[in-house]
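This is the structure, below, for whatever I ask next.
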Amino acid sequence: MAFTLPPLPYAPDALEPHIDTKTMEIHHGKHHQAYVDNLNKAVTGTSNEGKSLEELVQKAGTISPVVRNNGGGHWNHSFFWVSLAAGAGGAPKGKLAESIAAEFGSFDALKEKLAQAAISRFGSGWAWLVEQDGKLIISSTPNQDNPLMDVADVKGTPLLGVDVWEHAYYLKYQNRRADYLAAFWNVINWDTINKRYEEAL
Ligand code: MN3
């Protein structure tokens, strides 16, 4: 079965003013759609046809770059949209909040570390909060790689990912990646992130 673009779980203007409508429309409707289309094109008629997205992502090191990049792009963006919500923000709760306090000292310290990973990622990529064997780790990946991939420096269960490709922020923030990252905390769906953490443990 061919891969398909999941609908946005909210209207394209729902994350205003932090993430603008035009960026959401192009990011979801054009960029994510292109990853889906290119992935379908690349696997059709090959031994990878019919494999699940998770299967492809997990063996990223042994598949063609076009499947790795577009499969990663499809996985990462599907994960990204549902990590965000209108009127969200706030702070993590429960078990996740306790673990963040224990491992990073405070939520502010975690924010700083994630922003640092996102800002220092040269070129295009993602910064991540990852659960690995019960521990929380901040990492970043180039291009459309992610922590589920066999090629990732830090492997584990992704809890939160920040897209730091320019297409994610350029229309509103231009070269100000740090401003985009500061605004990003206002739209995080912590209910979803908390749930991912509990499932990962
Ligand atoms: Mn993107």
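Worth knowing before you read on, the calculation uses all heavy atoms, side chains too, and leaves out hydrogens, waters and symmetry mates. Just follow the structure's listing: the first ligand is 1, and inside any ligand the first atom is 1. Here, residue 1 is the first one in the sequence, and each next residue gets the next number.
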Classify the angle between the aromatic ring planes of Phe80 and Trp126 as parallel (below 30°), tilted (30 to 60°) or perpendicular (above 60°).
perpendicular

Identify every side-chain donor-acceptor pair in residues 86-99 under 3.5 Å, counting partners at least two apart or on other chains, and give the distances.
residue, atom, partner, partner atom, Å
Ser99, OG, Lys95, O, 3.1
Ser99, OG, Tyr197, OH, 2.7

Quick one: is the NZ or CZ of Arg176 closer than 6.0 Å to the six-membered ring centre of Tyr170, and within 45° of its axis?
no

Sum of protein N, O or S atoms, each under 2.8 Å from the Mn ion (ligand 1):
4

Ion pair check, Lys172 and Asp179, cut-off under 4.0 Å:
no

Will you find, in the side chains of Gln144 and Asn69, an N or O donor that is under 3.5 Å from an N or O acceptor?
no

Would you indicate whether the side-chain heavy atoms of Val57 and Arg68 approach each other to under 4.5 Å?
no

